[in-house]
Amino acid sequence: MSRTQRESVNQVSIAARAAAASRPVPDYLTALNPEQRRAVEAVDGPVLVLAGAGTGKTRVLTTRIAHILALGKARPAEILAVTFTNKAAREMKERIAAVVGGQAEGMPWLGTFHSIGTRILRRHAELVDLEPSFTILDTDDQIRLAKQILSAENIDEKRWPARQLLGAIDGWKNRGLTPEEVPKSDGEWFAHGKGVHLYKLYRDRLKALNAADFGDLLLEPIRLFRNNPDVLESYQQRFRYMLVDEYQDTNVAQYLWLRLLAQKNRNLCVVGDDDQSIYGWRGAEVDNILRFETDFPGATVVRLERNYRSTSHILAAASHLIAHNEGRLGKTLFTDRVDPDAVPVTVASAWDSEEEARAINAEAESLQKKGVSLDEMAILVRTTAQMRAFEDRFVTTGTSYRVVGGPRFYERKEIRDALAYFRCVTQPAYDLAFERIVNVPARGLGQVSLRVVSEVARANGVPLMQAAADVLATDELKGKARSGLLGLLGAFDRWRAQLDALPHTELAEIILEESGYTDMLKADRSADAPGRLENLKELIRSMEDFESLPAFLEHVSLVTDAQGEAGEEAITLMTLHAAKGLEFDVVFLPGWEEGLFPSMRAMDENGQAGLEEERRLAYVGLTRARRQAFVWFALNRRLHGSWQASAPSRFIDELPEASVMVREDVGYGGIGGYGGSRFDKVETFSSSYHTPGWERAQRRREDVPRRERILPTLIEGELVARSIANGPSAFDVGSRVFHQKFGNGNVAAIEGNKLTVDFDRAGRKRVIDSFLTKA
DNA sequence: ATTGGTTATGTTTTT
DNA sequence: CATAACCAAT
């Protein structure tokens with residue numbers, strides 16, 4: 001930007017400010033308390049907002065953005081706003097839109113560190129040895145890569161697990177270190193001092209694959225800025241104002257990234273709460289908060305301590321608990337709200353995790369009867385493994401629930417396989433994807449045949465797909481391996497040719513069908529095969545929201561949070577980590593047991609610091625509740641498959657008596673006290689006869705065929721479901737049909753669910769019946 | 001050489 | 001209990 005341009009913008013903003021001063025104070029400001037308002041109005045210069053849970057942190061951030069826009073100090077595209085999760089980014093966008101209207105749409109730089117990093121890298125890819133189309137690796141790919149490197153280096157993967165290597169590499173990347181910069185002693189411990197060398201190999205391999213991992217999305221922008229002052233300068237000028245949410249969770253790389261961008265105009269506002277720092281294991285440095293005032297002298301510091309969210313009982317419980325931590329800045333949350341009907345935090349126990357789930361389910365239903373919406377209830381667990389018991393229970397009682405996070409949709413095997421197929425179509429050079437699916441379903445291509453191909457690839461410096469074609473030109477492969485590979489490559493050519501001719505959802509279905517993937521699952525007798533098929537349908541359904549296959553794949557790499565679909569009222573089930581930033585009327589906190597929460601591993605690995613982080617997690621959990629919190633623990637829990645007795649969490653003893661109510665009679669479950677044996681469960685079961693959910697379950701049992709009851713509760717999508725469902729085609733040869741993209745036509749031939757149709761305008765096409773309607 | 005069945009092993013949290 | 005590495009039979 002030239003100097004004159006800059007001046008003109010400044011003049012506009014001075015004029016706007018003058019005008020604003022004479023105008024009455026806008027509504028959005030009068031709605032704030034004095035501290036919040038100070039945080040919003042301190043527009044220029046560095047600002048540190050220490051905001052306790054429920055003190056209106058998000059409100060300050062969104063109002064601040066709105067204020068900057070209203071004053072005319074910057075255009076939407078000149079504001080950098082960083083959040084930690086995609087969910088938070090989406091929410092912030094909505095809330096800004098609510099204040100300033102459609103302008104929020106024009107905020108391209110509102111997002112996570114990772115998504116903004118990606119955006120910057122794609123623009124300047126060549127400066128960091130990548131191509132703009134680079135792919136983003138996920139954990140699975142990373143592990144595969146690391147294993148390859150380890151075996152190439154003749155390192156015993158038993159002794160030095162790939163995961164461990166990746167952990168170290170990720171740690172370095174999170175600290176902003178390239179292999180050259182890693183302190184010598186740091187890599188010593190791994191494989192007799194080969195750690196750094198392996199990091200270098202891994203990094204080279206990523207570049208060769210034109211790929212980046214999550215760590216690179218932070219590390220590479222730093223390298224880009226450092227090595228290209230002109231690029232850095234352009235971004236420093238672009239981002240007139242910068243805001244960062246959840247600052248306590250930033251790691252060193254993110255800190256460096258921000259500091260580089262902010263050191264010029266210093267208009268950086270960070271918001272955080274040291275008591276909610278729960279990502280230490282990912283390299284987050286709470287110290288970043290403490291360092292802020294040193295790095296940005298003269299920063300305005302605002303403390304938000306007035307809580308608007310929770311009842312006094314919940315606040316007391318949370319505050320009392322967190323006070324057991326030593327390393328904190330120390331904030332005191334308070335509220336003036338008087339709640340005559342405030343209820344103490346309930347602590348209750350169950351015999352085992354199943355009873356815990358049953359009781360919580362019953363409690364939720366009883367609250368629902370009293371008028372609390374299921375949308376306003378959440379179950380927050382420490383580990384994803386805990387979710388299963390709840391899901392099982394909800395499925396049997398027919399309680400509708402929503403899982404946030406969990407075993408993430410895009411990480412499931414069948415989804416990743418499907419995506420690998422799609423990637424091979426759009427990016428033939430993506431070796432990792434090709435490797436993943438060459439022999440899935442089995443095509444007679446084992447390790448040996450694959451080695452032949454990869455050796456040719458390495459020798460000629462070509463992608464695997466190309467090497468495979470080269471190998472087929474010779475007669476090196478014989479029999480099944482040859483025909484299998486031939487068939488696969490032919491299929492890829494066919495699919496690629498249809499890329500522009502067919503709607504991408506339809507092509508996706510064809511790929512899954514023709515590759516034999518769906519057939520493989522149909523033939524699979526194991527219990528989860530139907531669920532996997534269902535997931536594939538869900539995948540294709542979600543693709544409908546995107547323009548094209550490449551657009552969809554780009555989205556998938558970064559978005560991990562399964563979009564909780566709105567609509568039906570449902571109770572939310574998620575991890576404590578995923579719950580940060582959210583709030584609910586009622587919160588259930590199961591699994592408060594020693595070893596599970598606080599997690600044994602956190603304490604083993606990080607001692608006191610680990611324990612304190614767990615405690616902060618407990619604090620986060622409690623403060624999610626507006627009106628009521630239920631803490632549960634089970635006396636027995638299945639760990640690595642076998643039953644183990646468990647002791648109540650120490651955190652329970654750290655709650656203040658005055659705000660806690662211990663439930664002596666174990667409520668809806670019905671076993672008397674702790675002494676019950678497992679045989680009592682039969683009794684228990686019948687005694688929960690009268691809960692609404694149980695009755696509903698019984699009703700269902702009558703009219704739902706047996707097989708379907710086992711399936712996960714996924715919404716049955718008509719569009720796709722029909723195509724995979726078997727049975728006679730709904731169409732006849734010669735009948736008139738309509739297709740979304742091709743318009744009207746006549747059915748020429750039917751072959752399973754694939755129809756050949758002569759379209760009036762588009763000509764003869766082969767399509768899948770679910771995309772057709774009777775005209 | 002590939003496959004499918006077996007056994008051993010190990011599990012936090014997320015962009 | 002669930003997945004991954006491993007091995008024996010084709």
Side-chain angles (χ1 to χ4, degrees), chain A residues 82-89 111-118 136-140 142-144 147 157-158 161-163 167 170 173-174 212-219 246 249-251 253-254 277-284 380-389 404-408 410-413 439-452 477-481 484 524-528 557-561 574-580 591 595-606 610 613-614 616-618 620-621 637-643:
Chain A
V82 195
T83 61
F84 222 63
T85 62
N86 294 299
K87 197 166 56 188
T112 63
F113 276 104
H114 298 267
S115 64
I116 292 171
T118 309
I136 298 164
L137 258 47
D138 55 27
T139 325
D140 256 37
Q142 291 183 50
I143 289 176
R144 221 131 32 92
K147 280 183 180 167
E157 217 241 302
K158 284 265 173 61
R163 291 176 171 279
D170 200 49
K173 289 189 175 177
N174 283 332
D213 65 13
F214 275 108
D216 287 333
L217 300 180
L218 304 176
L219 175 64
E246 310 282 14
D249 288 328
T250 52
N251 59 35
Q254 289 161 331
S277 161
I278 54 177
Y279 286 98
W281 49 273
R282 208 170 83 186
L380 310 182
V381 294
R382 174 69 248 264
T383 69
T384 50
Q386 288 171 259
M387 292 184 179
R388 194 184 205 101
V404 177
R408 265 168 282 303
Y410 291 119
E411 278 168 24
R412 293 171 196 210
K413 199 164 85 212
N439 204 32
V440 180
R443 296 188 177 86
L445 289 153
Q447 285 174 8
V448 182
S449 319
L450 213 55
R451 176 154 303 154
V452 173
L477 289 182
K478 301 181 282 288
K480 254 189 285 179
D524 189 340
R525 288 254 155 270
S526 66
D528 52 349
S557 330
L558 280 175
V559 176
T560 43
D561 48 25
M574 61 181 144
T575 64
L576 286 159
H577 284 87
K580 190 155 63 118
L596 177 64
F597 190 39
S599 127
M600 199 169 67
R601 209 156 137 181
M603 294 188 296
D604 284 352
E605 281 170 17
N606 293 306
E613 180 152 317
E614 294 288 299
R616 289 194 290 271
L617 205 46
V620 167
R637 191 167 292 270
R638 200 158 27 194
L639 216 60
H640 338 263
S642 61
W643 288 95

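So that the names make sense, note that chain A is the first sequence line, chain B the second, and so on, each numbered from 1.
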I want to verify a distance call: between B/dT3, B/dT14, B/dT15, whose nearest atom is closest to the A/T112 side chain?
B/dT15

Need one value for A/K147: base, sugar-phosphate or nothing, where a base atom within 4.0 Å counts as base even if backbone is also close, heavy atoms only.
sugar-phosphate

Rounding to the closest angstrom, what is the interatomic distance between C/dA4 and B/dT13 at atom P?
16 Å

Regarding the side chain of A/R382, the nearest nucleotide among B/dT2, B/dT3, B/dT12 is B/dT12

State, yes or no, whether a side-chain contact exists between A/K580 and A/I278 at a heavy-atom distance under 4.5 Å.
yes

Does a nitrogen or oxygen in the side chain of A/S449 sit under 4.0 Å from OP1 or OP2 of B/dT2?
yes

Does a side-chain N or O of A/T575 approach OP1 or OP2 of B/dT12 to a distance below 4.0 Å, or not?
no

State whether A/S115 places a side-chain N or O below 4.0 Å from either non-bridging phosphate oxygen (OP1 or OP2) of B/dT15.
no

Hey, does the side chain of A/R282 come within less than 4.0 Å of B/dT15's phosphate (OP1/OP2), counting only N and O?
no

Does C/dA2 have OP1 or OP2 sitting under 4.0 Å from an N or O in the side chain of A/R388?
yes

So do the side chains of A/W281 and A/R601 get within less than 4.5 Å of each other, counting heavy atoms only?
no

What's A/F597 touching, base or sugar-phosphate or nothing? Going by heavy atoms closer than 4.0 Å.
nothing

Do A/S449 and A/R451 have side chains that get closer than 4.5 Å, going by heavy atoms?
no

Contact under 4.0 Å: A/N86 side-chain N or O vs B/dT14 OP1/OP2
no

How long is the line joining CZ of A/F84 and P of B/dT14, in whole Å?
12 Å

Taking the side chain as every heavy atom from C-beta outward, state whether A/D170 and A/Q142 have any atom pair closer than 4.5 Å.
no

Could you give the CH2-to-C1' distance, from A/W281 to B/dT15, as a whole number of Å?
9 Å

Identify, between A/Y279 and A/R443, the residue whose nearest nucleotide on DNA chain B lies closer to the 5' end.
A/R443

Atom-pair distance (CZ on A/R163; P on B/dT12), nearest Å
9 Å

Among the candidates B/dT12, B/dT13, B/dT3, find the nucleotide nearest to the side-chain atoms of A/R601.
B/dT12

In whole angstroms, the gap separating C1' of B/dT14 from CD1 of A/I278 amounts to 10 Å

Gap between atoms CG and C1', on A/L380 and B/dT12 respectively (whole Å):
15 Å

Pairwise side-chain contact, A/N251 with A/L218, heavy-atom cut-off 4.5 Å (strictly under):
yes

Rounding to an integer number of Å, can you tell me how far A/L596 CG sits from B/dT12 C1'?
9 Å

Students often get this wrong, so: under 4.0 angstrom with heavy atoms, is A/F113 touching a base, only sugar-phosphate, or nothing?
nothing

Atom pair distance, as rounded to whole Å: CG in A/N174 and C1' in B/dT14
11 Å

Walking DNA chain B from its 5' end, the first of A/S599 and A/A481 to be reached, judged by nearest nucleotide, is A/A481

By nearest atom, which of the nucleotides B/dA1, C/dC1, B/dT12 is closest to the A/R638 side chain?
C/dC1

Kindly indicate whether the side chain of A/K87, heavy atoms from C-beta on, has any atom under 4.5 Å from the side chain of A/V404.
yes

Just to be sure I understand the rule, does A/E605 reach a base, reach only the sugar-phosphate, or reach nothing, if contact means heavy atoms closer than 4.0 Å?
base

Atom-pair distance (CG on A/L450; C1' on B/dT2), nearest Å:
13 Å

